[in-house]
There are 2 protein chains.
Amino acid sequence: MPLAPLFRPIDVAPAYQKVADAIEREIVNGRIKPGDPIGTEHDLVRQFGVNRSTIREGIRVLEEGGLIRRDSSRRLHACLPRYRQLASRLSRALVLHEVTFRELYEASMTLEVASIEGAVERGTGENLAELADNLARSEAVVGDPAMLAECDAEFHVLIAKASQNRVLQLAREPAAQLFYPTTEMIVTGVAEGGPRLVAAHRHLIDAIRHRDREAGVLWTRRHLQDWRRGFEKIASLDRSVEHMYMEHAQAARRR
Amino acid sequence: MPLAPLFRPIDVAPAYQKVADAIEREIVNGRIKPGDPIGTEHDLVRQFGVNRSTIREGIRVLEEGGLIRRDSSRRLHACLPRYRQLASRLSRALVLHEVTFRELYEASMTLEVASIEGAVERGTGENLAELADNLARSEAVVGDPAMLAECDAEFHVLIAKASQNRVLQLAREPAAQLFYPTTEMIVTGVAEGGPRLVAAHRHLIDAIRHRDREAGVLWTRRHLQDWRRGFEKIASLDRSVEHMYMEHAQAARRR
DNA sequence: TTCTGTCCCTTGTCCGACAAAGTTAGAGCT
DNA sequence: AGCTCTAACTTTGTCGGACAAGGGACAGAA
């Protein structure tokens with residue numbers, strides 16, 4: 001007969017983890033504000049009373065989590081995690097889980113429609129100006145698939161931003177990052193792709209300007225259906241997302 | 001006149017970052033499969049030709065990203081990033097960006113409705129069994145707010161799972177993690193909260209069983225509106241999400 | 001067979017060291 | 001005085017070596 005449990009397991013986290021947790025707590029609690037400097041490694045060695053190697057391992061954890069960064073002079077300071085950086089982790093996870101383009105398409109349909117609804121309802125003049133600027137740049141590069149795909153990605157980020165809902169902004173980002181590389185392929189492969197894409201963007205901006213929700217939803221759906229039709233000329237929707245994402249994700253990390 | 005560019009900028013990432021990138025590439029490319037052992041630190045020292053401290057810093061980066069784990073005996077192996085773990089990073093970011101409950105509510109309305117639609121359309125018998133099991137456990141703890149809140153969180157994870165859309169599963173998770181702590185408060189504060197919550201769950205399961213999309217959407221909306229009404233008795237929707245998340249997030253990390 | 005002691009290996013941590021790059025302070029010049 | 005340029009000083013990234021704690025394997029004892 002097994003012994004009755006008498007003791008609870010003790011929490012024995014390694015020291016580097018405790019260091020990371022302690023600093024994280026201070027940041028999330030707000031005692032260290034984004035932008036505030038964390039001391040030098042030597043300072044932290046003194047404060048925590050552990051070796052510099054241990055401190056450095058803890059710092060790596062926080063750095064990867066986006067909670068602290070090193071500025072140009074490599075000094076440490078707290079910072080607000082960037083959605084894009086975090087989303088690239090998620091995109092990577094989606095690739096590893098071998099999600100299909102069908103899942104990506106379906107989820108994006110939901111998320112992008114929600115974004116445009118928010119944008120139509122709450123988009124500001126400033127949002128419209130950014131979108132118009134993006135549109136102008138898109139029109140200028142309509143013949144260059146790579147540039148156009150980049151503009152398209154930015155356009156939808158701006159739509160999400162115009163929704164004024166940061167949760168939505170964050171939620172759509174992982175799927176969007178996986179879309180991005182395919183857009184270039186599609187615009188390259190389908191002759192009508194570029195102009196249709198730009199036209200859809202124009203209609204979306206109009207919808208926001210006139211606060212015309214129906215039009216916004218309609219054109220978002222069409223825009224995505226265009227993507228889908230274009231994609232199906234190249235591959236099956238049930239293929240899983242693959243390596244194509246890699247180059248883009250790693251390049252984005254460097255920035 | 002400036003010289004014509006003759007050389008490309010050299011990649012001057014620190015060694016620990018290169019180590020992390022190299023291992024990440026192998027995992028994402030699929031040459032290292034989830035579950036495969038990475039060598040010991042000493043192996044990696046030999047392979048990369050750098051110091052063990054450097055290897056260890058690289059490992060911390062990958063560990064935080066969820067790409068590798070240490071098993072019970074602390075040996076390294078590749079693994080599939082868990083959505084929950086990644087989502088907790090995102091939740092933390094949302095807290096730091098001081099998103100409001102209104103944003104959380106609006107985004108969740110979209111995401112949960114999409115989840116139930118998928119679940120109604122594609123939910124399997126196994127999904128239903130898991131949901132039914134969850135419902136039974138919920139009914140048993142209807143008087144215990146903490147346990148009930150936990151069941152509620154799990155219920156909605158199961159709904160998302162039943163949608164068979166992993167992108168959606170992932171996208172809803174960050175917002176859901178921030179909801180969780182408030183559910184307990186609400187069920188505690190509102191007498192009718194517990195029974196109403198369980199009733200809604202029952203209706204949702206029925207909707208999936210009968211593939212009744214209208215009912216699924218209807219009860220999801222009601223369920224969320226209940227949350228909202230309950231929350232507004234406690235605080236304003238425009239308050240930003242705060243520390244309340246911390247205890248839960250850190251506890252989840254340990255698992 | 002099951003328990004226990006021992007050995008080897010791995011990890012977590014520490015110490016000390018050094019080159020490169022950035023920072024600061026002061027000397028020197030206008 | 002104000003500016004520039006150089007020389008210390010700091011800080012980071014990396015290295016080598018070291019050691020204790022703890023898991024796994026294996027042999028021997030009950």
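Keep in mind that what you see is a predicted model, and the values were worked out from it rather than measured. Every chain is numbered from 1 and lettered A, B, ... according to where its sequence line falls, protein lines coming before strand lines.
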Once you round it to whole Å, what is the distance between [atom2] of [N] and [atom1] of [X]?
X: A/Lys18; N: C/dG12; atom1: NZ; atom2: C1'; answer: 12 Å
X: A/Leu76; N: D/dT12; atom1: CG; atom2: P; answer: 6 Å
X: B/Arg56; N: C/dT10; atom1: CZ; atom2: P; answer: 14 Å
X: B/Gln17; N: D/dG13; atom1: CD; atom2: C1'; answer: 13 Å
X: A/Asp71; N: C/dG22; atom1: CG; atom2: P; answer: 11 Å
X: B/Tyr16; N: D/dC15; atom1: OH; atom2: C1'; answer: 16 Å
X: A/Ile55; N: D/dT12; atom1: CD1; atom2: P; answer: 11 Å

Residues which pass side-chain hydrogen bond (donor to acceptor under 3.5 Å, both in side chains) with B/Glu26, listed by chain and number, not counting sequence neighbours: B/Arg31

Counterpart residues, side-chain hydrogen bond (donor to acceptor under 3.5 Å, both in side chains), relative to B/Glu139 (two or more places apart): B/Arg202

For [range], which residue pairs pass the ring-ring contact (aromatic ring centres under 6.0 Å, His included) check, not counting sequence neighbours?
range: residues 154-177 of chain A; result: A/Phe155-A/His201, A/His156-A/His201, A/His156-A/His223
range: residues 22-42 of chain A; result: none
range: residues 58-99 of chain B; result: A/Tyr83-B/His97, A/His97-B/Tyr83

Side chain to side chain, B/Trp227 and B/Phe101, heavy atoms closer than 4.5 Å: yes

N or O in side chain of B/Thr54 less than 4.0 angstrom from D/dG13 OP1/OP2: no

Under-4.0 Å side-chain N/O to phosphate OP1/OP2 contact, B/Arg60 with C/dG12: yes

Salt bridge (Lys or Arg N to Asp or Glu O under 4.0 Å) partners of B/Glu41, counting only residues at least two apart: B/Arg52, B/Arg56, B/Arg70

Non-neighbouring partners of B/Asp36 that pass salt bridge (Lys or Arg N to Asp or Glu O under 4.0 Å), sequence neighbours left out: none

Atom pair CD/OG1 of B/Gln17 and B/Thr54 - distance to nearest 0.5 Å: 12.5 Å

Which atoms of nucleotides 16-25 of chain D (N or O only) lie under 3.5 Å from a protein N or O atom, and what are those distances?
| unit_1 | atom_1 | unit_2 | atom_2 | d |
| --- | --- | --- | --- | --- |
| D/dG16 | N7 | B/Asn51 | ND2 | 2.9 |
| D/dA18 | N6 | B/Arg52 | NH2 | 3.2 |

Interface residues of residues 38-46 of chain B with DNA chain D (non-hydrogen, below 4.0 angstrom): none

